[in-house]
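Here's the structure we're looking at; comments come further down.
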Amino acid sequence: MPELPEVETVCRGLRKNIIGKRISKLQIRISKLRWVIDKNKLQQAVINEKIISVERRAKYILINLNNRNTIVIHLGMTGNLRLKSQSVPLEKHDHLIFSFDDKSEIRFHDPRRFGMVEAVSANEMSNYSRFANLGPEPLEKSTRAADLYKKSSKSKKPIKNVLMDAKFLAGVGNIYASEALYYARIHPEKISNTMTRKQWTALLRSVRKVLKAAIKKGGTTLSDFANSEGNSGYFQLSLAVYGREGEKCPSCKTKIEKFTQSGRSSFYCPSCQSID
DNA sequence: CGTGCTGTTGCTAG
DNA sequence: ACTAGCAACAGCAC
């Protein structure tokens, strides 16, 4: 269940567990994911290479190798990476297996196959199309509310759509968009050009607050990464409005409402969140 | 048993 | 510039 905090949690787990290891084997059982994997290219890019570092950009995982190639992974809706011993039997939907010298391996597991795995060379990375139009990272200090205010001041789109637009701000998905708007007391359908500077300050602060809180929760399961059974929905307990249609608003006890917005579910408190 | 609906992402067609 | 549709599967209500 990957949104930015889950992806960040996976990255931290990878850093802790696979940096310095050498990829001895790559098994590709299913290559038709979101995009068809170029098997030869991926094999050649990673075999016998050492893992140097792991980074995150938006919801992409970047595994940097000794030969300056990067394995770019996106988990889509249902993807995850599990570190297991080679002796543990494979499961259904384990599509790629990166094996290491020490008999451990990383398994890319993705029932819906909306994820992607791709090898990108250092040269290709300099103008990699998937990153070319990505907006700023919400957790970076250099990302400022004043800039977001300015950038959205002419948009007639609902604020939630803008918040989720990766070329506006990277990595805010459906769940955390609802959550952040709730904490900022802004209605998801509020038209972006009616946002004040002050509201943008509150909104960016809320985005950071919910993302950081979720990452912190992910941190508690980090030690389990090595024998991860997959997702456990650890953050769901802390959600204020998402998935809580009909429940009481934690603040004012009004019933939380759900509606469909651009094909996605939005949850909000009709009393706390203002459209003006 | 089936049938229909929903879902965390992101690209693309229109 | 915007949105509906879609990729492939699991889980759930009925």
Side-chain angles (χ1 to χ4, degrees), chain A residues 1-11 29-37 56-62 72-81 91-96 108-118 128-135 137-138 151-182 188-189 191-193 207 210-211 213-215 217-218 221 228-246 257-267:
Chain A
M1 41 174 67
E3 275 213 37
L4 186 150
E6 291 72 48
V7 176
E8 178 62 28
T9 299
V10 169
C11 285
R29 302 169 83 210
I30 295 238
S31 53
K32 194 192 169 299
L33 302 180
R34 182 65 164 83
W35 288 282
V36 176
I37 295 171
R56 178 187 59 75
R57 177 75 174 103
K59 289 172 228 174
Y60 292 90
I61 298 162
L62 286 69
V72 177
I73 299 176
H74 196 292
L75 300 175
M77 299 258 291
T78 53
N80 60 38
L81 293 173
E91 290 176 27
K92 194 177 179 182
H93 306 307
D94 284 344
H95 303 316
L96 281 82
F108 177 85
H109 178 97
D110 185 9
R112 285 178 75 174
R113 301 187 211 161
F114 290 179
M116 62 151 278
V117 180
E118 188 171 44
Y128 185 49
S129 62
R130 303 196 199 291
F131 294 171
N133 294 317
L134 279 183
E137 288 286 328
K151 210 158 79 163
S152 67
S153 62
K154 290 198 174 77
S155 172
K156 290 175 184 166
K157 289 202 286 188
I159 186 63
K160 177 162 175 268
N161 297 35
V162 167
L163 205 52
M164 288 177 63
D165 181 349
K167 57 184 183 292
F168 178 81
L169 187 65
V172 180
N174 197 40
I175 294 176
Y176 294 105
S178 272
E179 292 294 296
L181 286 164
Y182 169 76
E189 285 182 301
I191 302 303
S192 298
N193 67 12
V207 166
V210 297
L211 293 180
I215 290 171
K217 298 257 172 177
T221 62
S228 171
E229 297 306 315
N231 53 69
S232 53
Y234 60 85
F235 64 89
Q236 286 175 3
L237 295 173
S238 344
L239 294 175
V241 292
Y242 186 89
R244 296 196 184 279
E245 179 193 17
E257 291 184 7
K258 173 187 181 179
F259 68 103
T260 301
Q261 189 175 10
S262 298
R264 316 291 299 274
S265 289
S266 289
F267 299 84

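Letters A, B, ... are given to chains in the order of the sequence lines, protein chains preceding strands, and every chain is numbered from 1. Only a predicted model underlies this, so the values are computations on that prediction, with no experimental measurement involved.
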Which listed nucleotide ([options]) is nearest to the side chain of [X]?
X	options	result
A/His93	B/dT6, C/dA10, C/dT3	C/dA10
A/Met77	C/dA10, C/dC2, B/dT9	B/dT9
A/His74	C/dT3, B/dG10, B/dG7	B/dG10
A/Pro111	C/dA10, B/dT9, B/dG7	C/dA10
A/Lys32	B/dC11, C/dA7, B/dT9	C/dA7
A/Arg113	C/dA8, C/dA10, B/dG7	C/dA8
A/Asn174	B/dT9, C/dC2, B/dG7	B/dT9
A/Asn161	C/dA8, C/dT3, C/dA10	C/dT3

Interatomic distance at [atom1], [N] relative to [M], whole Å:
N	M	atom1	answer
C/dG5	B/dC5	P	14 Å
B/dT6	C/dA4	P	14 Å
C/dA10	B/dG10	P	22 Å

- Can you list the steps and then say if A/Ile37 with A/Leu96 is a side-chain contact (heavy atoms from CB on, under 4.5 Å)? CA-CA 10 Å; A/Ile37 295 171; A/Leu96 281 82; 3.7 Å; yes
- B/dC11 phosphate, OP1 or OP2: any side-chain N/O from A/Lys167 under 4.0 angstrom?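 No.
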- Message: Under 4.0 Å from OP1 or OP2 of C/dC2: is there any side-chain N or O of A/Lys156 that close?
- Response: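 For C/dC2, neither OP1 nor OP2 has a side-chain N or O of A/Lys156 closer than 4.0 Å.
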- Task: Determine which nucleotide pairs with C/dA8, using a 3.5 Å limit on both distances of a Watson-Crick or G-U wobble pair.
- Result: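 Across all strands, not a single nucleotide pairs with C/dA8.
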- Query: After noting the C-alpha distance and the side-chain angles of A/Asp165 and A/Lys157, does the key distance pass the side-chain contact (heavy atoms from CB on, under 4.5 Å) rule?
  - Reply: CA-CA 11 Å; A/Asp165 181 349; A/Lys157 289 202 286 188; 3.6 Å; yes
- Query: Are any side-chain N or O atoms of A/Arg56 and backbone N or O atoms of A/Ala58, one a donor and one an acceptor, separated by less than 3.5 Å?
  - Reply: yes
Just how far, in rounded Å, is [atom2] of [N] from [atom1] of [X]?
X	N	atom1	atom2	result
A/Met116	C/dA8	CE	P	17 Å
A/Met164	C/dA4	CE	P	13 Å
A/Gln261	B/dT9	CD	C1'	17 Å
A/His109	C/dC9	NE2	P	12 Å
A/Arg56	B/dT9	CZ	C1'	15 Å
A/Ile30	C/dA8	CD1	P	11 Å
A/Asn80	C/dC9	CG	C1'	14 Å
A/Asn193	C/dC2	CG	P	11 Å

- Message: Would you say the base of B/dG10 stacks on A/Phe114 (centre-to-centre below 5.5 Å, plane angle below 30°)?
- Response: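 Per 5.5 Å and 30° rule: no stacking.
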- Testing A/Leu81, A/Ile30, A/Asn80 for side chain to side chain contact (heavy atoms under 4.5 Å, CB included) with A/Phe108, which one passes?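 That would be A/Leu81.
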- Query: What about A/Arg34, does its side chain sit under 3.5 Å from the base of B/dG10 through a donor-acceptor pair?
  - Reply: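 Indeed there is one.
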- Message: Please classify the nucleic acid contact of A/Lys92 as base, sugar-phosphate, or nothing, using heavy-atom distances under 4.0 Å.
- Response: sugar-phosphate
- Message: Classify A/Arg264 by what it touches in the nucleic acid, base, sugar-phosphate, or nothing, heavy-atom distance under 4.0 Å.
- Response: base
- Task: Side-chain contact test, heavy atoms from C-beta onward, threshold under 4.5 Å: evaluate it for A/Tyr60 versus A/Met116 and give yes or no.
- Result: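 In contact.
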- Item | Minimum side-chain heavy-atom gap A/Trp35-A/Arg130 below 4.5 Å |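 With C-beta onward as the side chain, the pair touches.
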